[in-house]
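Encoded as structure tokens, the structure appears first; notes follow it.
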2 protein chains.
Amino acid sequence: MESRCENCIIRQFNSLRAMSKEELKQVSDSKTVKTIKKGESLFQEGDKLNGVYCVRNGVSKLSKLSSNGKDQIVKLASKGEVLGQRSVISEESTNLSAIAVDDMEVCFIPKESINNTLQKNPNFTMEVLRHMAHDLKEADDVIVNISQKTVKQRMAEAFLYLKNNFGEDEEGYLALTLSREDISNVVGTATESAIRIISEFKKKGLIVASGKRIGIKDERKLLELVEGF
Amino acid sequence: MESRCENCIIRQFNSLRAMSKEELKQVSDSKTVKTIKKGESLFQEGDKLNGVYCVRNGVSKLSKLSSNGKDQIVKLASKGEVLGQRSVISEESTNLSAIAVDDMEVCFIPKESINNTLQKNPNFTMEVLRHMAHDLKEADDVIVNISQKTVKQRMAEAFLYLKNNFGEDEEGYLALTLSREDISNVVGTATESAIRIISEFKKKGLIVASGKRIGIKDERKLLELVEGF
DNA sequence: GGAATACTATGACAAATGTCAGTTTAGGGA
DNA sequence: TCCCTAAACTGACATTTGTCATAGTATTCC
């Protein structure tokens with residue numbers, strides 16, 4: 001297990017790649033590695049973060065509690081993603097909770113290291129900016145999807161998303177296994193509705209399921225469904 | 001009408017305030033002022049933008065067309081807001097259309113001026129970053145609202161939003177008058193549903209309406225509605 | 001191994017929302 | 001002014017989705 005940021009492959013996937021050797025050294029010296037068990041939280045909505053989390057392993061759900069008591073999952077973050085950046089940059093408390101869906105391993109980087117680099121290295125700042133621009137674009141897409149598509153379409157889309165972003169295991173099942181409740185919180189619907197639609201998709205041969213695990217069987221038809229037949 | 005950026009008050013509200021005098025001078029020399037009539041577009045989804053638009057007057061709706069043919073309005077931008085930044089920064093084509101809801105006056109700033117400053121002035125980059133972080137937080141809130149609240153709650157919220165962000169005229173009506181269709185596209189519902197709920201709110205004394213204009217009558221009750229009674 | 005607990009599943013029903021069809025109203029030109 | 005068109009509105013109905021109740025199934029923890 002490599003523990004120096006300078007040598008960490010994960011870094012290639014996020015904005016830390018724009019850091020200089022010196023800066024990385026400083027980050028590495030100040031960082032701490034944490035292990036988060038499935039179900040535990042990295043941080044909760046409303047927390048003031050004094051650093052960011054760089055995901056080494058596992059998956060975290062970023063969610064927000066609504067007034068009716070339900071969580072909405074806004075994003076699923078895995079290897080290479082940096083969590084908490086927004087909060088650190090705007091110096092506000094975070095608007096999302098981060099909870100481990102898997103067992104996770106993350107590096108905590110204190111905000112001083114980040115802010116320091118932001119001030120001194122324009123390349124790094126630009127890189128962070130580019131990432132944020134990308135996230136914002138994605139968020140717009142989510143808004144349009146949720147408001148203009150039916151639950152069924154969004155379910156289909158969610159499965160395709162899981163396949164494209166987290167891949168499949170050797171047996172062809174989605175590598176990321178979510179509970180039915182988590183799926184419903186990604187899609188933004190009632191758990192029962194999600195379960196019903198999963199049953200329907202199974203019957204129609206679009207997906208297969210064994211226990212919690214779900215596999216995509218007919219990607220083309222799922223895509224057609226998303227686009228509205 | 002002041003036409004030098006250095007003296008433009010609008011600038012105080014956006015990231016351009018972090019520019020140096022020299023930089024502002026350069027921006028001012030390269031900018032062009034444009035007048036956009038109600039209903040005309042600043043840019044369309046998919047366009048490659050070669051600059052950003054700084055809103056001086058009027059309001060623009062930022063929307064995205066969904067596969068079912070409906071527009072979803074993601075944001076309403078008014079005086080002081082800068083449009084197209086995301087696209088220019090990530091050098092991708094824009095994912096939103098910007099259409100004038102009012103007659104508008106905007107300054108077009110070529111991307112070279114922006115990119116030039118981004119590279120040389122870390123303060124400016126940080127300022128843009130902060131704005132983007134804010135927008136992203138807002139987008140998350142929209143996602144949660146749309147997916148977890150009923151249409152009625154979102155309608156109530158939309159009216160409060162319009163009041164808080166665009167204010168009221170002398171007679172107590174909302175200063176920004178949107179068509180029923182635009183309202184439904186902000187809320188993410190069918191136009192008929194929006195109209196029905198407006199009628200209901202009128203009957204219950206939550207709002208008043210005269211023609212297209214809508215006034216908020218019982219803010220407290222609207223708020224209670226948003227929070228789920 | 002077995003009880004306790006959480007998750008998955010299904011039916012029945014109610015509520016919310018969308019769609020279609022048609023009417024009324026308002027505002028902008030000729 | 002009056003017409004004409006677009007927008008606002010209303011009703012009836014179908015569909016979608018959520019809620020409640022309940023049962024089956026897996027998982028965990030002693």
Side-chain angles (χ1 to χ4, degrees), chain A residues 37-40 61 66-72 99 101 103 145-158 173-174 177-204 207-215 225-226 228-229, chain B residues 37-39 66-72 101 103 145-158 173-174 177-203 207-215 225-226 228-229:
Chain A
K37 291 220 187 73
K38 178 177 174 172
E40 290 179 354
K61 56 179 176 183
S66 75
S67 48
N68 67 8
K70 278 196 181 170
D71 269 331
Q72 173 68 32
I99 297 172
V101 173
D103 288 349
N145 276 334
I146 288 196
S147 67
Q148 303 286 9
K149 291 189 171 148
T150 66
V151 174
K152 213 173 287 184
Q153 289 177 304
R154 282 182 269 147
M155 285 287 291
E157 195 157 47
Y173 289 104
L174 293 172
T177 300
L178 294 174
S179 71
R180 303 296 194 250
E181 191 180 0
D182 279 342
I183 294 176
S184 74
N185 288 342
V186 168
V187 169
T189 188
T191 308
E192 294 94 325
S193 297
I195 290 175
R196 256 183 260 276
I197 290 171
I198 290 173
S199 299
E200 191 189 325
F201 283 2
K202 266 197 286 190
K203 256 183 225 152
K204 291 190 178 162
I207 61 174
V208 290
S210 111
K212 289 168 91 92
R213 295 190 306 164
I214 288 178
L225 192 61
V226 171
F229 313 112
Chain B
K37 291 221 185 74
K38 178 176 173 172
S66 74
S67 48
N68 68 8
K70 279 196 177 169
D71 268 331
Q72 173 68 32
V101 173
D103 286 350
N145 277 334
I146 288 197
S147 67
Q148 303 286 9
K149 291 190 172 148
T150 65
V151 173
K152 213 173 285 182
Q153 289 176 305
R154 282 183 269 148
M155 285 287 291
E157 196 158 47
Y173 290 103
L174 293 173
T177 300
L178 293 175
S179 71
R180 302 296 193 249
E181 191 181 1
D182 279 343
I183 294 177
S184 74
N185 288 343
V186 168
V187 169
T189 187
T191 308
E192 295 95 324
S193 297
I195 290 174
R196 258 182 259 276
I197 290 171
I198 289 173
S199 300
E200 191 189 324
F201 284 1
K202 267 196 285 189
K203 257 183 224 151
I207 62 174
V208 291
S210 111
K212 288 168 90 91
R213 296 189 306 165
I214 288 178
L225 191 61
V226 172
F229 313 113

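Throughout, protein chains are lettered first and strands after them, A, B, ... in sequence-line order, and every chain is numbered starting at 1.
Spacing between atom CD of B/Gln148 and atom P of C/dA16 amounts to 16 Å, rounded to whole angstrom units. A straight line from CD of B/Gln153 to C1' of C/dA15 spans 14 Å, rounded to a whole angstrom. Summarising the geometry, the separation between NZ on A/Lys149 and C1' on C/dG18 is reported as 18 Å, rounded to the nearest angstrom. Atom CG of B/Leu225 is separated from atom P of C/dA16 by 11 Å (rounded to the nearest Å). Per the geometry, NZ belonging to A/Lys38 stands 15 Å off P belonging to C/dA6, to the nearest Å.
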Identify all pairs in which a protein N or O lies below 3.5 Å from an N or O of nucleotides 27-29 of chain C, and state each distance.
none

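The stretch residues 188-195 of chain A touches DNA chain D through A/Thr189, A/Ala190, A/Glu192, A/Ser193, each having a heavy atom under 4.0 angstrom from the strand. Within residues 196-204 of chain A, the residues approaching DNA chain C are A/Arg196, A/Ser199, A/Lys202, by heavy-atom distance under 4.0 Å.
Between A/Gln72 and A/Ile146 there is a side-chain heavy-atom pair separated by less than 4.5 Å. With a 4.5 Å cut-off on side-chain heavy atoms, A/Ile183 and A/Ile214 count as touching.
For the atom pair NZ of A/Lys61 and CG of A/Asn185, the computed distance is 6.5 Å after rounding to the nearest 0.5 Å.
Taking every heavy atom of both residues into account, A/Tyr173 and A/Ser210 meet most closely at OH-CB, 3.5 Å. A pairwise comparison of heavy atoms in A/Ala156 and A/Leu225 identifies CB-CD2, 3.9 Å as the closest pair.
With sequence neighbours left out, A/Ser66 forms a side-chain contact (heavy atoms from CB on, under 4.5 Å) with A/Asn68, A/Lys70, B/Val144, B/Gln148. By the side-chain contact (heavy atoms from CB on, under 4.5 Å) test, B/Thr191 pairs with B/Arg180, B/Glu181, B/Ser184, B/Ile195, sequence neighbours left out.
A donor-acceptor distance shorter than 3.5 angstrom exists from the side chain of B/Arg154 to the backbone of B/Lys149, with no hydrogens or angles considered. Listed for the A/Thr150 side chain is a donor-acceptor partner under 3.5 Å among the backbone atoms of A/Gln153.
A/Glu200 pairs with exactly one of A/Arg196, A/Lys202, A/Lys204 by the salt bridge (charged side-chain N to carboxylate O under 4.0 Å, His left out) rule, that one being A/Lys204.
When DNA chain D is scanned in the 5' to 3' direction for atoms under 4.0 Å from non-hydrogen atoms of chain B, the outermost contacting nucleotides are D/dA7 to D/dA12.
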